[in-house]
Asks: 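The structure is given below, and queries will be raised subsequently.
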Amino acid sequence: MTAPAAGDQAVLIIPSGVGSADDLVRVWVAFALDGVPLVPRLRTELVVEELVSNAHRHGGLSCVLRLSLDDSHRFLQVFVDDSGVDDGADWVAGSGLSLVDGLTSHWSVEWRARGKTVWGEIGVGMRIEAINAPPQPPPQLWPGRA
C-alpha cells in the first residue's frame, strides 16, 4: 500500500516509555474522525487500539499512528509504524489480529529496513471529504511523563 501524502493524514507520535496511553489515543482518534459515521469510526478505534497495543508490546520504543482516507475517500486507512525487527517467525493471528482481520477490508504488514508498518483499511460506506488533523498532545498529558 502506498502511504498518503503528509498533508492528507492525521499523525500521532506515541512516545516510548509511556504507560497505557489508550485513553489519550482514543480521544485523539475520536477528534480526528469527528464527522465519520459511528460504525466505521468505532471499527477504526478498535483497529487503532489493537495495532498500537501490538506496536508497544512487540515493536518497542515509540510508534507513529497515521490516519488517512484512500483516494476514493470511502475507506479509512490506519498505519502504525514501529521499530520492531523481522525475526523471521510467522505471525500468529491471535485474538487481536483476528479482530483486526474481521474489522478491516484488508490489512497487512510491511517490513522496512528499520521496523515495520502494520496497516488496515476500514470501509466507511459513503464518501468522506476529510478527516481532522489533531495536534500532538503535550508531554505532560502522556501517562508516566511529567
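Atom set for the values below is all heavy atoms of this structure, side chains included, hydrogens, waters and symmetry mates excluded.
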Asks: Mind checking what makes salt bridge (Lys or Arg N to Asp or Glu O under 4.0 Å) contact with Glu49, not counting sequence neighbours?
Replies: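 Expected list: Arg26.
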
Asks: Indicate, with yes or no, if Val109 and Val78 share a hydrophobic cluster defined by side-chain heavy-atom contacts under 4.5 Å among Ile, Leu, Val, Met, Phe, Trp and Tyr.
Replies: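 Hydrophobic grouping puts Val78 with Val109.
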
Asks: Parallel, tilted or perpendicular: which one describes the rings of His106 and Trp119, with boundaries at 30° and 60°?
Replies: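 Because their plane-to-plane angle is over 60°, the rings of His106 and Trp119 count as perpendicular.
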
Asks: With the 4.5 Å side-chain cut-off for hydrophobic clustering, are Val36 and Leu67 part of the same group?
Replies: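 Looking at the clustering, Leu67 is in the same group as Val36.
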
Asks: Can you list every pair that meets salt bridge (charged side-chain N to carboxylate O under 4.0 Å, His left out) and has a residue in residues 70-80, with sequence neighbours left out?
Replies: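 Checked against salt bridge (charged side-chain N to carboxylate O under 4.0 Å, His left out) - neighbours excluded - no pair reaches residues 70-80.
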
Asks: With clusters built from Ile, Leu, Val, Met, Phe, Trp and Tyr whose side-chain heavy atoms come within less than 4.5 Å, directly or transitively, what are the remaining members of the cluster of Leu38, listed by chain and number?
Replies: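 Leu42, listed by chain and number.
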
Asks: Contact between Glu121 and Leu76 at the side-chain level, heavy atoms closer than 4.5 Å - yes or no?
Replies: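 A side-chain contact under 4.5 Å is absent here.
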
Asks: Flag the pair Arg41 / Leu33 as yes when at least one side-chain heavy-atom distance between them is below 4.5 Å, and no otherwise.
Replies: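 They are in contact (side-chain heavy atoms under 4.5 Å apart), so the answer is yes.
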
Asks: Given the rule that I, L, V, M, F, W and Y join up when any side-chain heavy atoms are under 4.5 Å apart, are Val80 and Phe75 in one cluster?
Replies: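 Not linked; separate clusters.
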
Asks: Flag yes if Val39 and Val124 sit in one hydrophobic cluster, no otherwise; membership is Ile, Leu, Val, Met, Phe, Trp, Tyr, and two members link when side-chain heavy atoms are under 4.5 Å apart.
Replies: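 Cluster IDs for Val39 and Val124 differ.
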
Asks: Restricting to pairs with a member in residues 128-144, which pass salt bridge (charged side-chain N to carboxylate O under 4.0 Å, His left out), not counting sequence neighbours?
Replies: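 For residues 128-144: Arg127-Glu129.
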
Asks: Tell me, with the steps shown, if Glu45 and Val47 meet side chain to side chain contact (heavy atoms under 4.5 Å, CB included).
Replies: CA-CA 6 Å; Glu45 288 174 2; Val47 169; over 6 Å; no

Asks: What is the distance from atom CD1 of Ile13 to atom SG of Cys63, rounded to the nearest 0.5 Å?
Replies: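 It comes to 10.0 Å.
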
Asks: Would you compute the distance between atom CD1 of Ile131 and atom NE2 of His73 and round it to the nearest 0.5 angstrom?
Replies: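 Rounded to the nearest 0.5 Å, the CD1-NE2 separation comes to 9.5 Å.
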
Asks: Distance check, rounded to the nearest 0.5 Å: Leu65 atom CG versus Trp28 atom CH2?
Replies: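 Taking CG in Leu65 and CH2 in Trp28, the distance rounds to 5.0 Å.
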
Asks: Flag the pair Ile14 / Ser62 as yes when at least one side-chain heavy-atom distance between them is below 4.5 Å, and no otherwise.
Replies: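 Sidechains of Ser62 and Ile14: no contact.
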
Asks: Return the minimal non-hydrogen interatomic distance between Ala10 and Ala133, and the atom names on each side.
Replies: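 Looking at all heavy atoms of both residues, the shortest contact is CB-CA, 4.0 Å.
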
Asks: Can you tell me how far the CZ atom of Arg66 sits from the OG1 atom of Thr117, to the nearest 0.5 Å?
Replies: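 Between Arg66 CZ and Thr117 OG1, I get 5.5 Å after rounding to 0.5 Å.
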
Asks: Within a strict 4.5 Å, meaning less than it, do heavy atoms of the Val100 and Asn54 side chains meet?
Replies: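 Counting from C-beta outward, Val100 and Asn54 never come under 4.5 Å.
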
Asks: For Pro138, what residues pass the side-chain contact (heavy atoms from CB on, under 4.5 Å) criterion, not counting sequence neighbours?
Replies: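 Partners of Pro138 under the side-chain contact (heavy atoms from CB on, under 4.5 Å) test: Gln140, Leu141.
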
Asks: Quick one: are Met126 and Pro37 in side-chain contact, heavy atoms under 4.5 Å?
Replies: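 Sidechains of Pro37 and Met126: in contact.
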
Asks: For salt bridge (Lys or Arg N to Asp or Glu O under 4.0 Å), just list the numbers for Lys116 and Asp81, CA-CA rounded to whole Å, side-chain angles, deciding distance to a tenth of an Å, and then say yes or no.
Replies: CA-CA 6 Å; Lys116 67 182 177 300; Asp81 307 311; over 6 Å; no

Asks: Can you name the side chain to side chain donor-acceptor pair (under 3.5 Å) partners of Asn132, sequence neighbours left out?
Replies: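 Side chain to side chain donor-acceptor pair (under 3.5 Å) check on Asn132 returns nothing, list empty.
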
Asks: In Å and rounded to the nearest 0.5 Å, what is the CD to CG distance from Glu50 to Leu103?
Replies: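 Answer rounded to 0.5 Å: 10.0 Å.
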
Asks: Is any side-chain heavy atom of Val64 less than 4.5 Å from a side-chain heavy atom of Leu12?
Replies: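 Heavy-atom side-chain distance check fails, nothing below 4.5 Å.
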
Asks: Identify the residue among Leu46, Thr44, Leu51 that makes a side chain to side chain contact (heavy atoms under 4.5 Å, CB included) with Val48.
Replies: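 Filter result, single survivor: Thr44.
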
